[in-house]
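See below for the structure under consideration.
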Amino acid sequence: MPVSRRAFLAGAASLPLAARAVSASDPALTLTAAPARLQIAPPDYPATDVWAYDAQVPGRMLRYRQGDEVQLRLANGLDQPTTIHWHGLRLPNAMDGVPGMTQPAVAPGDSFDYRFTARDAGTFWYHPHANSTEQISRGLAGVLVVDDAKGPDVDADEVIVLDDWRMTQEAQIHASFDDWHDLSHAGRLGNYITANGLPDLRLTAAPGDRLRLRLVNTATARIFRLRLSGLRAWIAALDGMPLAQPQEADEVMIAPAQRVDLLADVTAKAGEEAVIGSVERDGTYATAVIAVSGAGGATRPAPAPLAPNHMSDLSLDTARAVALKMEGGAMRGLPDGAVWEGTRMDMRELAEMGQFWAFNGVAGMTDDPLVDAALGETVRIPITNATAFPHAMHLHGTHFREVLADGTLGPWRDTLLVMPDQTREIAFAAENPGDWMFHCHMLSHQKSGMMNWIRVT
Ligand SMILES: [Cu+2]
């Protein structure tokens, strides 16, 4: 496989070894969201002014054991309100971090205490849910891993956070957060890709090692297509939830906000490299390189499934179905008479309000939820993408399963990529009371119309 080292604007330079993520089970930790200046670009470029959790990009790595009580104080050192959403965690509604819905936004200088039980083991992440396009694009995102008591037998467990930055020639974050082209097309795509905040993440392994690779996409718009070389890999979990049977894969698609846990055996020999490459229009670029050295281990049998989290059965036969139709964006446009904040508008008026997309004919939030579900009910939502762009739909508060064409159920997920002209149906058990966001995680799309909510009472 031809793999090029990523060049940043001009030539790339060699980089130091990646810093090991700090593990923290501190019972009462403060996470401070504040400006910081970090070397994100290669060393021959200036440091970048970012917004970061505890002056780290990605933010401080949080690691708990399943069943742990998580207690975290968010301190806001930004000059604008923020919150933390704990993406993919099943937690009480008041801890979900959606300003104006589950909590007031945290004002500059203020703090908010989050407390919940780490119920599910898996790979999760955290990020602001206020002014999200700007705050996440500037660097506010971190990973939260919950370990189960008996993890898989692996030689290493690595978190690989993929991100996509829109940088200026001076390696500063481009202040284009409301660009109409981004809002109405594929979102705010960047020009510089990092893994764990580095242009060229370097790891080491021995031949035959079995690695758990926790891939996390924190980009606000980019869908990564990853090609693996020097590895025999199985997808073991999606969005934190183990698959019933690991699936062998040499390519992995990961949409914004999604996670993919791989169990990967190093097949590269000593002196060679295993590579996680990002497939792009003009070639495949290395995002993470694993230098292989030392004595080889024996070939192993395919991995066993990870220990499942406890999920409720879905009662599809008695489920209520509520359809969601996505419309709008460039090339297709919004239907006539789309509504924004209770008022019918034409497309030009909506565009002037920065609204380019609609769910069921409404741009932005509605007074009434898309679904008002009774506790214990199973809900089905067929999602039809009538736009010309892919959308990564994220449901807060619970995972869902896709209802496949043959009536069987797909894996548990919290974010589903729906391609243009596809209809894909999800089903979930309404078992977590509260008001929960259901929105596109291409954050430019969320901001310009693609959000709704679900009530469980
Ligand atoms: Cu979208």
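Just follow the structure's listing: the first ligand is 1, and inside any ligand the first atom is 1. In this text, all values refer to a predicted model and were calculated from it rather than measured experimentally.
- For the Cu ion (ligand 1), protein N, O or S atoms closer than 2.8 Å were enumerated as His391 ND1, Cys440 SG, His445 ND1, with waters left out.
- A tilted orientation is assigned to the rings of His127 and His87, their planes being inclined by 30° to 60°.
- Two rings, from His394 and His85, have their centers less than 6.0 Å apart.
- Taking the six-membered ring for Trp and the full ring otherwise, Tyr114 and Phe112 have centroids separated by under 6.0 Å.
- Note on residues 86-99: pairs passing salt bridge (Lys or Arg N to Asp or Glu O under 4.0 Å), not counting sequence neighbours, are Arg90-Asp120, Arg90-Glu431.
- Taking 4.5 Å as the limit, every side-chain heavy atom of Glu158 sits out of range of all side-chain heavy atoms of Arg212.
- Relative orientation of the Tyr126 and Tyr53 rings is tilted, given thresholds of 30° and 60° on the angle between their planes.
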